[in-house]
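Heads up: the structure comes next, in structure tokens.
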Amino acid sequence: MKIISIQNNLGVPKYRQIINSIEKAINEEKLIKGDRLPSVNKVCLAFNLSRDTVLLGYDDLKKRGIIYAIPGKGYYVKSVEITIKQKIFLLFDELNIFKEDIYNSFLKNIGKNVQVDIFFHHFNVQVFQKLINDCNGNYTKYIIMPTNLIDVVAFIKTLPVNDVIILDQTNEELKSFPAIYQNHKKDIFEGLNKGKTKLSKYKKFIMIFPGFREPPGMKIGFENYCLENGIDYEVIQEFTDREITTGSVYIIPIDRDLVQVIEKAREQNLKLGTDFGIISYNETPLKKVVSNGITTISTDFTTMGKILAQMVLTGKKEQIENKSALIIRNSL
């Protein structure tokens with residue numbers, strides 16, 4: 001009990017005094033890795049505190065990875081790295097260049113004394129559930145990318161409600177959580193609308209939409225635009241074994257399909273931007289130079305990472321729609 005000091009009328013919450021005492025003891029090497037902390041009951045009795053007050057202090061240290069609990073035995077020192085003030089659980093769907101941009105921007109803007117652990121669910125509900133269950137209670141913040149997975153809201157709601165931020169895609173069931181997200185339905189509609197002059201020369205719009213990992217809003221926004229403007233359109237799941245139709249423009253969310261269309265155009269000796277058009281989704285450096293420039297509809301992933309870091313640091317509880325833009329190049 002000598003490691004914990006509680007003073008009345010100090011102006012510091014008592015749970016925070018517990019945290020400060022344990023950090024001081026670790027810093028002075030009075031506590032080392034593996035040492036057992038005083039039990040919650042003993043701290044309550046010694047300082048006439050409620051269990052909630054003591055647990056609040058211990059839980060903060062636990063979330064930061066400084067202590068851990070063994071059910072029925074107590075709390076133990078896990079790490080002496082007391083400089084870590086935030087320990088963040090970051091759950092992405094997969095690793096690609098867009099997610100890498102978000103991640104790098106987030107790390108750049110989150111500052112020092114923050115530990116970020118990144119995980120991937122790979123669009124697998126069972127993996128998603130296991131990662132949530134295994135990590136629940138061990139982090140100060142949980143940043144979740146639920147994508148279009150079905151029946152994962154219940155898992156997210158098991159996490160501490162004030163520590164969750166939704167990233168990239170959200171929905172009505174998650175509207176109670178702060179988020180930084182893309183409005184795919186609106187973004188693709190407005191992107192096509194801004195390119196209307198360039199698009200007017202094309203007779204048919206074709207979207208290649210596999211529909212497994214892609215946000216449903218993309219397809220809805222595309223169809224709404226075509227219907228409102230009386231455009232002949234088609235949505236296909238894959239491009240394999242198709243011929244490119246002269247006078248068509250292809251809207252392509254997946255880069256693998258983009259490659260197939262460009263290769264097919266070369267086989268057919270068609271000129272991109274003249275015989276047919278392409279709008280790709282999500283900006284990458286290569287799209288500036290491939291085939292003399294590919295037009296894209298894209299959000300700013302670097303900005304998304306920066307805003308995400310600001311939300312963590314300030315504790316803002318907002319739902320922020322990340323801006324999107326049409327970048328016109330020679331593929332139209």
Side-chain angles (χ1 to χ4, degrees), residues 1-6 10 12-91 106-107 110-119 121 128-144 154-166 177-178 308-309 311-315 317:
M1 295 304 300
K2 293 179 180 179
I3 66 169
I4 295 178
S5 174
I6 302 292
L10 187 62
V12 178
K14 291 178 180 177
Y15 84 92
R16 175 56 58 184
Q17 292 187 49
I18 293 172
I19 295 169
N20 293 344
S21 295
I22 292 171
E23 288 181 341
K24 184 172 183 290
I26 291 173
N27 194 48
E28 294 175 351
E29 297 185 355
K30 293 177 181 177
L31 279 175
I32 61 173
K33 187 174 180 179
D35 280 355
R36 183 179 178 181
L37 299 180
S39 70
V40 173
N41 288 337
K42 284 184 178 180
V43 178
C44 289
L45 291 171
F47 300 104
N48 194 27
L49 301 174
S50 69
R51 283 184 61 83
D52 287 345
T53 298
V54 180
L55 286 172
L56 197 58
Y58 277 20
D59 283 349
D60 180 275
L61 294 164
K62 182 173 177 282
K63 289 177 179 179
R64 290 162 54 198
I66 295 171
I67 67 174
Y68 68 101
I70 298 178
K73 291 188 176 182
Y75 290 86
Y76 297 81
V77 177
K78 182 178 181 180
S79 171
V80 295
E81 295 294 332
I82 60 172
T83 57
I84 300 297
K85 300 302 179 185
Q86 291 258 33
K87 190 180 175 197
I88 297 171
F89 173 84
L90 182 58
L91 181 55
F106 180 67
L107 291 183
I110 197 63
K112 298 179 179 179
N113 303 328
V114 176
Q115 177 181 325
V116 180
D117 294 342
I118 186 169
F119 302 87
H121 59 71
F128 188 101
Q129 180 182 9
K130 185 177 188 306
L131 288 169
I132 294 291
N133 289 342
D134 290 350
C135 296
N136 197 345
N138 296 328
Y139 291 86
T140 58
K141 290 292 180 187
Y142 300 85
I143 300 170
I144 310 293
F155 308 141
I156 294 172
K157 288 185 175 180
T158 65
L159 296 168
V161 65
N162 293 319
D163 297 334
V164 175
I165 299 174
I166 302 300
F177 294 104
L308 179 62
M311 291 180 73
V312 170
L313 294 172
T314 62
K317 303 295 182 183

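Numbers here are sequence positions counted from 1.
- Residues Lys141 and Gln86 have side chains in contact (heavy-atom distance under 4.5 Å, counting atoms from C-beta outward).
- A donor-acceptor pair under 3.5 Å links the side-chain atoms of Lys62 to the main chain of Gly137, judged by distance alone.
- In this structure, CZ on Phe47 lies 10.5 Å from NZ on Lys14, to the nearest 0.5 angstrom.
- From Ile110, atom CD1 reaches atom CG of Leu313 across 4.0 Å, with rounding to the nearest 0.5 Å.
- Among residues at least two apart or in separate chains, salt bridge (charged side-chain N to carboxylate O under 4.0 Å, His left out) pairs with a member in residues 64-73 are Glu23-Arg64, Asp60-Arg64.
- Summarising the local packing, CD of Glu28 is surrounded by more than 12 heavy atoms from other residues, nucleotides or ligands at distances under 6.0 Å.
- The structure places CD1 of Ile67 at 12.5 Å from CG of Asp35, a figure rounded to the nearest 0.5 Å.
- Lys112 contributes atom NZ, which lies 11.0 Å from atom OG1 of Thr83 (distance to the nearest 0.5 angstrom).
- The side chain to side chain contact (heavy atoms under 4.5 Å, CB included) with Leu91 is formed by just one residue from the set Leu131, Ile118, Ile156; it is Leu131.
- The two atoms that bring Phe155 and Ile132 nearest to each other are O-CG2, 3.5 Å, heavy atoms only.
- Using a 4.0 Å cut-off between charged nitrogen and carboxylate oxygen, Lys63 and Asp163 count as a salt-bridge pair.
- Note that CD1 of Ile88 and CG of Leu308 are 8.0 Å apart. Values are rounded to the nearest 0.5 Å.
- Put simply, the residue from Ile18, Ile4, Leu31 that forms a side chain to side chain contact (heavy atoms under 4.5 Å, CB included) with Leu37 is Leu31.
- By the 4.5 Å heavy-atom criterion applied to side chains, Ile3 and Ser21 are not counted as neighbours.
- For the salt bridge (charged side-chain N to carboxylate O under 4.0 Å, His left out) condition, no pair includes a residue of residues 43-58, sequence neighbours left out.
- By the 6.0 Å and 45° rule, Lys87 stacks over the aromatic ring of Tyr139.
- Between Tyr58 and Tyr75, the ring planes lie perpendicular to each other; the angle is over 60°, past the 30° to 60° tilted range.
- Side-chain contact between Ile19 and Arg16 is present, with at least one heavy-atom pair separated by less than 4.5 Å.
- Side-chain atoms of Asn136 come within 3.5 Å of backbone atoms of Thr158 as a donor-acceptor pair (strictly under, hydrogens ignored).
- Scanning for ring pair (Phe, Tyr, Trp, His ring centres under 6.0 Å) contacts around Phe119 gives Phe89, with sequence neighbours left out.
- Looking at Val312 and Ile143, their side chains come closer than 4.5 Å, going by heavy atoms from C-beta outward.
- Side chain of Thr53 to main chain of Leu49: no donor-acceptor pair is present (N/O by atom type, distance under 3.5 Å, no hydrogens or angles).
- Taking every heavy atom of both residues into account, Ile84 and Ile66 meet most closely at O-CD1, 4.5 Å.
- Atom CG of Asp134 sits in a crowded spot, with more than 12 heavy atoms from other residues, nucleotides or ligands closer than 6.0 Å.
- Here Leu159 contributes atom CG and Ile165 contributes atom CD1; the two are 12.0 Å apart, rounded to the nearest 0.5 Å.
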